[in-house]
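Encoded as structure tokens, the structure appears first; notes follow it.
Note that these values count all heavy atoms, side chains included, but never hydrogens, waters or copies made by symmetry. The first residue in the sequence is number 1, and the count goes up from there.
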Amino acid sequence: MVKRAGILNAALSGALARLGHTDEVLVCDAGMPLPRGVEVVDLAFLPGVPAFADVLDGLLAELVVEGAVAAEEVRAANPACHALLAGRLPALAHVPHERLKELSRSARLVVRTGEARPYANVILRCGVAF
């Protein structure tokens with residue numbers, strides 16, 4: 001049987017199923033340094049493919065998110081990405097990019113997109129559906 005809806009990538013689907021309450025997921029662009037020792041699902045195929053927005057929307061359809069953190073530099077360096085994040089994650093917090101990289105070390109899962117624009121990164125904290 002083949003899954004008909006939702007995330008079809010087997011590695012990503014399985015990784016999402018293993019997440020629990022308060023686990024963190026780093027959704028990042030192709031340039032973000034990947035933390036060591038963290039499960040990585042690398043979706044990057046070509047520059048810009050898949051787009052950060054598409055991956056984020058797919059993850060938000062699958063996860064309950066109770067918090068999110070992005071780099072404060074995204075506001076000036078990538079206003080379109082900031083608008084996307086602020087629109088989809090109303091309680092979005094901001095930290096300096098170097099701090100975001102430090103925080104990413106505690107992520108349980110990294111999902112790497114093909115995004116090639118700066119600061120297209122966010123850490124999502126999982127919530128519960130009940």
Report the C-alpha distance between Val74 and Asn121 in whole Å, list the side-chain angles of each, state the deciding distance to 0.1 Å, and finish with yes or no for side chain to side chain contact (heavy atoms under 4.5 Å, CB included). CA-CA 9 Å; Val74 72; Asn121 309 295; over 6 Å; no
Looking at every non-hydrogen atom in both residues, tell me the closest pair between Ser104 and Pro35 and how far apart they are. O-CG, 3.5 Å
Is Val38 reachable from Val111 through a run of hydrophobic residues whose side-chain heavy atoms are each under 4.5 Å from the next? no
Looking only at heavy atoms, which two atoms of Leu85 and Ala70 are closest? And how far apart? CD1-CB, 3.9 Å
With a 4.5 Å cut-off on side-chain heavy-atom distances among I, L, V, M, F, W and Y, is there a chain of contacts connecting Leu19 to Val65? yes
Kindly say whether Glu24 contributes a backbone atom to a donor-acceptor pair with the side chain of Arg108 at under 3.5 angstrom? no
Pairwise distance CG(Leu26) to CD1(Ile123) - rounded to 0.5 angstrom: 5.5 Å
When you measure from the side chain of Thr113 to the backbone of Cys28, do you find a donor-acceptor pair of N or O atoms at a distance under 3.5 Å? yes
Shortest non-hydrogen contact from Gly127 toward Glu66: CA-OE1, 3.6 Å
Is Leu60 reachable from Ile7 through a run of hydrophobic residues whose side-chain heavy atoms are each under 4.5 Å from the next? yes
Between Ser13 (side chain) and Ala10 (backbone), is there a donor-acceptor pair under 3.5 Å? no
Heavy-atom closest contact (Ala120 atom, Glu115 atom, distance): CB-CG, 3.6 Å
Check for a donor-acceptor pair, side chain of Glu73 on one end and backbone N or O of His97 on the other, with a separation under 3.5 Å. yes
How close do Pro79 and Ala76 get, counting heavy atoms only, and between which atoms? CD-O, 3.7 Å
State, yes or no, whether a side-chain contact exists between Asp57 and Arg88 at a heavy-atom distance under 4.5 Å. yes
Can you tell me how far the OH atom of Tyr119 sits from the CE atom of Met32, to the nearest 0.5 Å? 10.5 Å
Keeping Asn78 on the side-chain end and Pro118 on the backbone end, is there a donor-acceptor pair under 3.5 Å? yes
Given the rule that I, L, V, M, F, W and Y join up when any side-chain heavy atoms are under 4.5 Å apart, are Leu89 and Leu59 in one cluster? yes
Point-to-point distance, once rounded to the nearest 0.5 Å, from CZ of Arg125 to NE2 of His21: 8.0 Å
Could you walk me through whether Leu16 and Leu63 pass the side chain to side chain contact (heavy atoms under 4.5 Å, CB included) check? CA-CA 8 Å; Leu16 294 177; Leu63 295 173; 4.0 Å; yes
Where Val122 and Phe52 come nearest, the two heavy atoms and their spacing: CG1-CZ, 3.9 Å
So, Asp23 side chain and Gly20 main chain: donor-acceptor pair closer than 3.5 Å or not? yes
Carefully, step by step, assess Asn9 and Leu43 under the rule side chain to side chain contact (heavy atoms under 4.5 Å, CB included). CA-CA 9 Å; Asn9 180 290; Leu43 302 176; 3.6 Å; yes
In the single-linkage hydrophobic clustering (I, L, V, M, F, W, Y; side-chain heavy atoms under 4.5 Å), do Val110 and Val69 co-cluster? yes
With a 4.0 Å cut-off, would you call Glu39 and Arg18 a salt bridge? yes
